[in-house]
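Contents: one structure, followed by commentary.
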Amino acid sequence: MAKKTSASPEMEKMRHSCAHVLAQAVLQMFPEAKLGFGPAIENGFYYDFELPRTLIPEDLPLIEKKMKHIVKQNQKFKKYEKPIKESITFLDKINQDYKVEAANDLAKEGHDTIKFFENVDQKGQGTFVDMCEGPHLESTGKLGAYKLTHTAGAYWKGDEKRPMLQRIYGVCFATQKELDEHLKKLEEAKKRDHRKLGTELELFTFDEEVGAGLPLWLPKGAYIRHKIMEFAFNTYLANGYDPVCTPHIANVALWSHSGHLDFYGDSMYGSLTIDEEEYRLKPMNCPFHVKMYNNTTRSYRELPFRWTEMGTVYRYERSGTLHGLTRVRGFTQDDAHIICRPDQLKEELRKALDLTLFILKTFGFEDIEMNVSVRDPENKEKFIGDDKRWEQAEDTLKEVLEESGFKDYVYDIGGAVFYGPKIDVKVADSIGRMWQLSTIQFDFNLPERFGMTYVGEDGNDHVPYMIHRALLGSLERFMGVLIEHYGGAFPAWLAPTPIVFIPVAQTHEKYAEEIMEKFKKEGIRAEMYPATDTLGKRIRAAEMKKIPYMAVIGDKEVEGKSLAIRDYKTKKQNSYPAAKFLKQLEKEISQQQ
RNA sequence: GCCAUCGUAGCUCAGUGGUAGAGCACACCCAUGGUAAGGGUGGGGUCCCGGGUUCAAAUCCCGGCGAUGGCUCCA
């Protein structure tokens, strides 16, 4: 989930002021506490501390109580500036080691003075002082609604080699109403959590004995995953791609040649010995596709190649980074490599972008943010490949985006991978959270390393452009995002069971069975909930499984050869002639395939 | 990997040193029901794994594995 800070300067001021109030409260509780940084963040703030003991959840209400008291005192935020030397001496005197270090950093950057904010109570007494750039509210009484949410460890200066401090997170809004709305939104997000829904809807599971980060797809989840994969793959084939297929392991020589062993060896799984040769699990599909390209002499007439593969790769992710389906150790990419001539570059990028938009829109992602990552011109040596190619690639990426109407893309200078510039596509889900899904990347590394060429019109060898693209990203991650986007209520074309038949009583089961068979015959996956439980209970069960359509069958339906359809989305009920609804559902399902 | 918290039935969870529990789910019986939980009976547990302390460990201690919230990382 991307973190965007879009708060107004006023809110940032309030949130940062709230962090100061928190720091003062913590110092009251632990006078020996050492302060780190305490900035405003999206929806709130945090402050880092070195404390004599570990905080427990019960500490937060106590700290909040002290904060309330500080707010009530309506302390003024008083700003002043001191020469840097004097400041460092002062910070050293009050034993704020981290602040001393931060002040020394500022000195190195050429600052002559340091700004401070001091809290002063109604009697004019100083209660708390912090080295700080500001700005702040006029006084603590102006603070809106806030709440401390949780604690976590965080490295000093974000450096894993430095000490770990205790971070206290809080949320802060101008009014209690906004705070409540925010907390409600968090509740909603919790309900949609794909890990929770994955268990409830029997989509996937993990098993300790299998290993961390290795999802097991249960039948219903595997069906959805399959449908997504089938849809994507068929769409690619219909758009000029050719399928390829490659193994899961390869001789270590390949990874050595490709450079993966040198650059990403830490993320690759250990060796397998086969006939005294070392093999490795693949972390990427690229080198295989390159090898297939190099399989024979290529002519300029053949290009472009668009080779796609649902490639399962394995990467070592550090244990603390694993998260449900969105960060796993084995996953399948809807991978493809486009190999083309310079004169085809723009057209190929345009096509790839159009395809991306089509795929994302099919799944109901309408709010799309483009990110262009280019090389840092100041640090060219960190990037492989010649200037001319980088410039053409970067310019073409920008042109294609702008021509497609994405004028205000996010431009990340220096954000490119060492082997080429790229476009990353982020989408907003149904409750507004941003997720990075698609990626379109240039690769200047592999063509060079593997000597990829084609014979040009002039009879000479030329190096082609290679574009790596994955539109869903990884099936696992995409499924995780999609579960949360739909809140588990998949549309009929993806639902493992689009319709369930519910006979009112046992006497209606035979008719229900007959109708269900007609649906099944047309390829619609249907289930029946026989009358072993009360009607209400079976309706409830279908609701909880978020089944798109329920067909209730009683005397009326048997008599009129109709179905009482309850729609999950609208919660409305309508009666349809059975044959008519079958056609309608069939159409709804096939539209997306 | 780091910091913190957690790991008890398929799921959600209670159980603080003395014979392992509830609700839901599941099976069976009764009830034959018209749009979100009818009633009864029953089966189900290496209390994550290994070691230690103790007469006695789900419970206390140590190590490992896994999960959660963050940090760092994500080609």
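Reminder, nothing fancy here: chain letters follow the sequence lines and each chain counts from 1.
Base pairing of B:rG43 is not made with any nucleotide, judged by Watson-Crick or G-U wobble geometry with both donor-acceptor distances under 3.5 Å. In this structure, B:rU5 and B:rA67 make a Watson-Crick or G-U wobble pair, each of the two defining distances being under 3.5 angstrom. Pair assignment for B:rA22: B:rU12, on the basis of Watson-Crick or G-U wobble contacts that are both within less than 3.5 Å. With both pairing distances under 3.5 Å, B:rC60 is matched to B:rG52 as a Watson-Crick or G-U wobble pair. A 3.5 Å limit on both hydrogen-bonding distances identifies no Watson-Crick or G-U partner for B:rC73. Pairing for B:rG38 is with B:rC30, a Watson-Crick or G-U wobble pair whose two hydrogen-bonding atom distances lie under 3.5 Å.
Minimum atom distance to the side chain of A:T54 is reached by B:rA4, of the listed B:rG70, B:rA4, B:rG34. Nearest nucleotide to the A:A564 side chain, out of B:rC48, B:rG34, B:rC71: B:rG34. Each of B:rU72, B:rU68, B:rG34 was ranked by its minimum atom distance to the side chain of A:V504; first place goes to B:rG34. Across B:rA36, B:rA75, B:rC73, the shortest atom-to-atom separation from the side chain of A:P283 is found for B:rA75. Here the side chain of A:M544 is nearest to one of B:rG70, B:rA36, B:rU35, namely B:rA36. Distance from the side chain of A:E208 is smallest for B:rG7 among the nucleotides B:rA37, B:rG7, B:rG34. Each of B:rU72, B:rU35, B:rG34 was ranked by its minimum atom distance to the side chain of A:K556; first place goes to B:rG34. Closest to the A:D555 side chain, of the nucleotides B:rA75, B:rG34, B:rG7, is B:rG34. When distances are taken from the side chain of A:K571 to each of B:rG69, B:rC71, B:rA36, the shortest belongs to B:rA36. Of all nucleotides listed (B:rG1, B:rG66, B:rC11), B:rG66 comes nearest to the side chain of A:A212.
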- Let me see the working for A:F383 and A:W390 under side chain to side chain contact (heavy atoms under 4.5 Å, CB included), right down to the final yes or no. CA-CA 9 Å; A:F383 302 90; A:W390 274 88; 3.5 Å; yes

- Message: Working note: A:R469 + A:D334, criterion side chain to side chain contact (heavy atoms under 4.5 Å, CB included); need CA distance, chi angles, decisive distance, verdict.
- Response: CA-CA 8 Å; A:R469 44 113 291 188; A:D334 63 319; 3.9 Å; yes

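A:E559 CD: 12 or fewer foreign heavy atoms inside a 6.0 Å radius.
Phosphate contact (OP1/OP2 of B:rG1, side-chain N/O of A:S319, threshold under 4.0 Å): present. In terms of phosphate contacts, A:S267 brings no side-chain nitrogen or oxygen within less than 4.0 Å of OP1 or OP2 of B:rA75. Residue A:R195 places at least one side-chain N or O under 4.0 Å from the OP1 or OP2 atom of B:rG69. At least one side-chain nitrogen or oxygen of A:H323 sits closer than 4.0 Å to the OP1 or OP2 atom of B:rG69. Distances shorter than 4.0 Å separate none of the side-chain N or O atoms of A:Y568 from OP1 or OP2 on B:rA36. The shortest distance between the side-chain N/O atoms of A:K537 and the OP1/OP2 oxygens of B:rA25 is below 4.0 Å.
A donor and an acceptor atom never sit less than 3.5 Å apart when one is taken from the side chain of A:Q166 and the other from the base of B:rG70. Side-chain N/O atoms of A:Y155 and base N/O atoms of B:rG70 include no donor-acceptor pair closer than 3.5 Å. Taking only distance into account, the side chain of A:R477 never meets the base of B:rC74 through a donor-acceptor pair shorter than 3.5 Å. Checked by distance alone, A:R318 brings a side-chain donor or acceptor within 3.5 Å of a matching partner on the base of B:rU72. Not a single donor-acceptor contact under 3.5 angstrom links the side-chain atoms of A:R167 to the base of B:rA4.
The gap from the P atom of B:rG10 to that of B:rG44 amounts to 12 Å, rounded to the nearest Å. The C1' atoms of B:rG17 and B:rA58 are separated by 10 Å, rounded to the nearest whole Å. Comparing B:rA36 with B:rG45, their P atoms sit 36 Å apart, to the nearest whole Å. Distance check on atom C1': B:rU12 versus B:rA25 gives 11 Å, rounded to whole Å. Distance noted for atom P between B:rA14 and B:rU8: 10 Å (whole Å). Taking the P atom of each, B:rC60 and B:rU16 are spaced 10 Å apart, rounded to whole Å. Taking the P atoms as reference points, B:rC62 lies 15 Å from B:rU53, given to the whole Å.
Nucleic acid contact for A:E557: base, since at least one base atom lies under 4.0 Å from a heavy atom of the residue. Using a 4.0 Å heavy-atom cutoff across all strands shown, A:G536 reaches sugar-phosphate atoms only and no base atom.
With A:H468 as reference, A:H337 is the one residue of A:H289, A:Q333, A:K422, A:H337 to meet the side-chain hydrogen bond (donor to acceptor under 3.5 Å, both in side chains) rule. Across A:T149, A:L55, A:D48, a single residue satisfies side chain to side chain contact (heavy atoms under 4.5 Å, CB included) together with A:I168, and that is A:L55. When the options A:E202, A:E200, A:E527 are evaluated for a side-chain hydrogen bond (donor to acceptor under 3.5 Å, both in side chains) with A:K545, the one that passes is A:E202.
In terms of position along RNA chain B, the nucleotide closest to A:G211 lies nearer the 5' end than the nucleotide closest to the other residue of the pair A:T151 and A:G211. Mapping A:I56 and A:F418 onto RNA chain B by nearest heavy atom places A:I56 at the nucleotide closer to the 5' end.
Using a 4.0 Å cut-off between a side-chain N of Lys or Arg and a carboxylate O of Asp or Glu, A:R15 and A:E42 do not qualify as a salt bridge.
Between A:H248 and A:Y314, the ring planes are tilted. Angles from 30° to 60° get that label.
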